[in-house]
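Note sheet for the following structure.
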Amino acid sequence: MLSLAACSTSRRLVPALSVLGSRQKHSLPDLPYDYGALEPHINAQIMQLHHSKHHAAYVNNLNVAEEKYREALEKRDVTAQIALQPALKFNGGGHINHSIFWTNLSPNGGGEPQGELLEAIKRDFGSFAKFKEKLTAVSVGVQGSGWGWLGFNKEQGRLQIAACSNQDPLQGTTGLIPLLGIDVWEHAYYLQYKNVRPDYLKAIWNVINWENVTARYTACSK
């Protein structure tokens, strides 16, 4: 299993992609709940396909890309190294993003966060309702496939909302530390919500694991 409350995703949630001296391969993390545990908000069929097929594919493809990259490094083949960067970014991002996403969800989730995270949300967005509305709107507005994120800006000491395309990892592409990610690829909702992404986004708030999000915030804001 990957670390749940790590502050730096690229360093602690998964092994850094640049650390190529080790031959240890990435593995698919177990879910902390059953596939059907998030019903009726996200059904078991979606969760099973999403985890055992889509996330597993990112892990497998990342391992293949890293092996090829090691070979290119050994041969000092810079052209091959450059050519492999998109595969490393896409599959590495897919592994990072989903490893966060599963822990951001819980059958006992929903409601509002408490304590210091709630106070930070009120400080940076005005209220929890305004935060929820803004993150939902950003996630609905993602063109094609991607993610909506609540992240922490370490330099400014503030929460920020951002969207990332495809499987671009939040920290690696924006510098924000990921706290809460909402997957808006169609494979995350289409079997249940068809093409009505707003209905999926309305439902997912019922299973947000605020304890996990708060732990991430606490680790990063110190």
Side-chain angles (χ1 to χ4, degrees), residues 1-17 19 22-67 87-111 113 145-151 164 166-172 177-192 200 203-220:
M1 283 290 290
L2 301 173
S3 173
L4 300 185
C7 182
S8 174
T9 305
S10 60
R11 295 196 303 271
R12 296 170 64 186
L13 275 172
V14 297
L17 300 185
V19 182
S22 171
R23 294 283 175 172
Q24 183 178 4
K25 291 187 177 182
H26 302 281
S27 60
L28 180 69
D30 294 330
L31 289 185
Y33 39 78
D34 293 333
Y35 286 134
L38 303 182
E39 291 187 342
H41 310 293
I42 306 177
N43 68 36
Q45 185 181 19
I46 287 176
M47 291 299 295
Q48 183 174 11
L49 290 171
H50 198 171
H51 176 258
S52 69
K53 300 298 183 182
H54 291 280
H55 190 173
Y58 297 128
V59 172
N60 292 336
N61 291 334
L62 174 60
N63 286 326
V64 170
E66 283 194 343
E67 184 60 33
L88 289 169
K89 181 180 180 181
F90 181 78
N91 294 293
H95 183 32
I96 290 170
N97 293 342
H98 285 87
S99 296
I100 297 169
F101 183 61
W102 307 131
T103 64
N104 277 169
L105 305 177
S106 169
N108 300 314
S145 300
W147 293 72
W149 288 99
L150 170 66
C164 290
N166 300 313
Q167 293 297 350
D168 291 359
L170 183 69
Q171 189 169 3
I177 299 169
L179 304 179
L180 170 62
I182 300 180
D183 189 347
V184 290
W185 279 66
E186 285 191 343
H187 64 233
Y189 62 89
Y190 197 86
L191 290 176
Q192 185 171 0
Y200 158 70
I204 202 170
W205 290 102
N206 294 295
V207 290
I208 296 298
N209 184 356
W210 289 114
E211 290 186 4
N212 178 266
V213 181
T214 299
R216 293 176 182 278
Y217 174 71
T218 300
C220 296

Could you tell me whether the side chain of N166 and the main chain of D168 form a donor-acceptor pair under 3.5 Å? no

Nearest atoms (heavy-atom pairs only) where L62 meets N91: N-CB, 3.8 Å

Within the distance-only criterion (no hydrogens, no angle test), does the side chain of N206 pair as donor or acceptor with the backbone N or O of A203 below 3.5 angstrom? yes

What distance separates N104 CG from S99 OG, expressed to the nearest 0.5 Å? 11.0 Å

For A56 and S52, the nearest pair of non-hydrogen atoms, with its separation, is CB-O, 3.2 Å

Side-chain donor-acceptor pairs under 3.5 Å in residues 36-49, sequence neighbours left out?
unit_1: E39; atom_1: OE2; unit_2: A44; atom_2: N; d: 2.9
unit_1: N43; atom_1: OD1; unit_2: Q45; atom_2: N; d: 3.2
unit_1: N43; atom_1: OD1; unit_2: I46; atom_2: N; d: 2.9

Modelled atom types, side-chain donor and acceptor of W185 and H54, under 3.5 Å: no

Aromatic rings H51 and W102: how do their planes relate, parallel, tilted or perpendicular, breaks at 30° and 60°? perpendicular

Sequence-distant partners of Q167, side-chain hydrogen bond (donor to acceptor under 3.5 Å, both in side chains), two or more places apart: Y58, N97, W147

Check the pair I96, Q171 against side chain to side chain contact (heavy atoms under 4.5 Å, CB included), reporting the backbone distance first and the verdict last. CA-CA 10 Å; I96 290 170; Q171 189 169 3; over 6 Å; no

Hey, is CD on Q192 packed in by over 12 heavy atoms from elsewhere, all under 6.0 Å? yes

Between the main-chain N or O of P178 and the side-chain N or O of W149, is there a donor-acceptor pair closer than 3.5 Å? no

Which pair of heavy atoms, one from P113 and one from T214, lies closest together, and at what distance? CB-OG1, 4.4 Å

Set out, in order, the CA-CA distance, both residues' side-chain angles and the distance that settles side chain to side chain contact (heavy atoms under 4.5 Å, CB included) for K53 and H187, then state yes or no. CA-CA 10 Å; K53 300 298 183 182; H187 64 233; over 6 Å; no

Quick check: closest heavy atoms across H95 and S27, and the distance to 0.1 Å? CE1-O, 3.5 Å

When the ring planes of H98 and H50 are compared, do they come out parallel, tilted or perpendicular, using 30° and 60° as the limits? perpendicular

Test side chain to side chain contact (heavy atoms under 4.5 Å, CB included) on Y33 and L105; report intermediate values, then the result. CA-CA 9 Å; Y33 39 78; L105 305 177; 3.6 Å; yes

For the residue pair L180 and W210, what are the closest heavy atoms and their distance? CD2-CH2, 4.0 Å

